[in-house]
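Structure record follows, encoded as structure tokens.
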Amino acid sequence: MDVTPILDSLNDAQRQAVTSPAEPTLVIAGAGSGKTRVLVHRAAWLIDVEGVSPQGLLAVTFTNKAAAEMRHRIEALLNLPVQHLWIGTFHGLAHRMLRRHWREANLPQNFQIIDSDDQIRLIKRLFKNLEVDDSQFAPKEIQWFINAEKDEGRRPQHIDDGGDPNLRQKISLYASYEEVCQRGGLVDFAELLLRAHELLRDNAELLGHYRRRFKHLLVDEFQDTNAIQYAWLRLLAGADGVPFVVGDDDQSIYRWRGARVEHIHQFQRDFPGTRVVKLEQNYRSTATILNAANAVIANNASRLGKNLWTDGAEGEAIRVYSAYNERDESDFVIGRLRDWIDHGNLRADSAILYRSNAQSRVLEEGLINAGIPYRVYGGLRFFERMEIKDALAYLRLIANRDDDSSFERIVNKPTRGIGARTIDMMRSYARANACSLWRAAGAIASDDLNGRAANAVNAFMSLIERMARETDGLELQDKVDHVIHLSGLVDFFKKDKGEKGETRIENLGELVSAAKSFTPDPAEEMSPLDEFLSHAALEAGEGQADAWEDCVQLMTMHSAKGLEFPLVFICGMEDGLFPHQRSIADPNGLEEERRLCYVGITRAKEMLYITHAEQRRLHGMDNFSQPSRFIAEIPVEHIEEVRPRVQVTRPMHTSYSPRRKSAAASPGSEMGVRLGQRVRHKKFGDGVILNCEGQGAHARVEVNFETAGTKWLVLSYANLDLM
Ligand code: ATP
Ligand code: MG
């Protein structure tokens, strides 16, 4: 057997990891050292050399995109398709198990996944039904509470209220929430994991089956597993399983969502005799970028500590640009992107990273104006758009009449004369009789409602029944097409004159295309419609339209984990934004932000730009901030400050700042200097002011010195004599 392709492109430490005997293994190493590569090659090694059937492998990745990539790479190494390999995120794999064993998991066969928005809506409804006062709890707070408890593996009966009435009420809301979900066959994201864990824990036979089947468990980004994911993994591994996990403590960035980096230590306790492999050579970034990242992360106290080096090129200095405001920042980024593209580079090889989703809007506007195609990971995604959710709600109701959130979403959309009072009556009936809204609607339409209201409800119900009948047996895309028309959604948005309505109709059309190009997974055992709906809920954002197009990648630093790009921009490096305001005072929070910064910097292969703005409008508020402390943690020798190119035109975008406007009218006037003014510098001699920028301590001038040439000087340090 020729193992060359599997081992050839690995260094010694990587090879050692890939070929380890069947015993628990922990690969712990810094960014870009080849952890993911090792995982891919390990899978290929097991299949090709150890003779493990692809069905006997379970591989966990952090995103669906990474799962697709990993499958592709394994296939490329083996030169054959590996269809029955279970590879996916913890959520995706848990979902697959629940679909297969819905009975044992005590779920209806057609259970639906609800996302964060559905969850909030459900909680709000619960508040109303139970007459909970919004001023006591915010629905979001309860959502966090429920999800956090589930992430820790706790059901309401496992939580001790310790005599605290506030906590008692939260627990009781959690219990009511569970009841509603169970009745409607609804499963939220955290529930997928918890239920999959309980499924194995409580079914010895199933557990035995899966333990025999999946002897080898491969996990990427292990540092970001939460308690329930880890418990599931441990359960599945049992005494004889061979977990092989790779991770980096310095890249643990999901503590706020329940991830526990401590699992790295826990693992070694739970699996005695764990083989630990360290990888120290970085293959991704230039020495400059790597050294900058190493210097930043060295400021964290709680680390395992490791040595990461490269024998790659020194590379270019990191460019830091101090922008005037967020538009100037965006103009700068787009200018550099243009250069990059004009030099024949792929747009997809560049990424713009930011701390908060809201930052993308201004950058997006800039890219649109510049006509540069881009793609946002996260943010408002295709499957989260209103019209798409409406159409999906129809489809979901067809699949499951007891899906209350879908029912409520569309019962009167498009408007069909079912008023708030009627809906309230349905809710009370459903509550009193512990039934779904669908059943309640049927009951009150025949007994309690007056003629007009009863007709409206009956018409809605027969519409849904008719859709179900007429689409039965149709191909998935025809089903979707039929539903968007018969529901009246297309006509409804047609009435919405202008571009918005048009876009919505286009999006509905896009949903039909999405259904058309959707290929059901042969390993899933469910109807194509159910699978499509689950896919829509699970993969929101990742299957965004135009995935094939060469475009600039925009994403938060959180979603950039595991990825790499030749050119990277990190925008908004300001104290308060990054590190985030709420983490600054908390040492643990600050360390997590620093790890995020480490993740951000180490995404770059060749060139890294860091930008910050003196003034930024975000969430409708103007902020004035200092450059991020993380910039100061990068040794100066790795940095080159970028000087703005055309200074005097910069204040153009600041129409909301009258002070800036006057500065625009007469650059430099507020600094006490003017363009064209002659000045004298102690060292550089005489010169003329060409440009001015910034204000206060940041004020700078560009001076053309007669002998020393052109220089930018910070006014407060330069001690210029005006002549
Ligand atoms: P992260 O911590 O960001 O997830 P990682 O440790 O998973 O990074 P990989 O993504 O596997 O690192 O590898 C980083 C880059 O280095 C990839 O482009 C990969 O192809 C390359 N690489 C890894 N090992 C080698 C090697 N032995 N020879 C050449 N290139 C390598
Ligand atoms: Mg990786």
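When a ligand or atom number is given, it counts from 1 through the structure's own listing order. It should be emphasised that the depicted structure is a prediction, and the values quoted were computed from it without experimental measurement.
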Using the six-membered ring wherever Trp is involved, compare the ring planes of Phe267 and Phe222 and label them parallel, tilted or perpendicular (cut-offs 30° and 60°).
perpendicular
Would you check, one step at a time, whether the test side chain to side chain donor-acceptor pair (under 3.5 Å) holds for Gln251 with Tyr598? CA-CA 7 Å; Gln251 295 186 69; Tyr598 176 75; 5.4 Å; no
The complete set of salt bridge (Lys or Arg N to Asp or Glu O under 4.0 Å) pairs with one or both residues in residues 282-296, sequence neighbours excluded, reads Arg284-Glu564
Please work out which of the three classes, parallel, tilted or perpendicular, describes the rings of Phe630 and Phe578, given edges at 30° and 60°.
perpendicular
**Prompt:** Using the benzene-type ring in the case of Trp, are the ring centres of Tyr254 and Trp256 under 6.0 Å apart?
**Reply:** yes
The salt bridge (charged side-chain N to carboxylate O under 4.0 Å, His left out) partners of Asp349 (sequence neighbours excluded) come to none
Counting only protein N, O or S atoms (no waters) closer than 2.8 Å to the Mg ion (ligand 2) gives 1
- prompt: So, Tyr321 versus Tyr609, ring centres under 6.0 angstrom or not?
  reply: no
Review point. Between Phe244 and His216, is the ring centre distance below 6.0 Å?
Key: no
- Message: Could you check whether Lys605 makes a cation-pi contact with Phe565, meaning its NZ or CZ is under 6.0 Å from the centre of the six-membered ring and within 45° of the ring axis?
- Response: no
Counting only non-hydrogen atoms and a 4.0 Å cut-off, the residues near ligand 1 are Ser9, Leu10, Asn11, Gln14, Gly30, Ala31, Gly32, Ser33, Gly34, Lys35, Thr36, Arg37, Glu221, Gln251, Tyr283, Arg284, Gly562, Glu564, Arg603
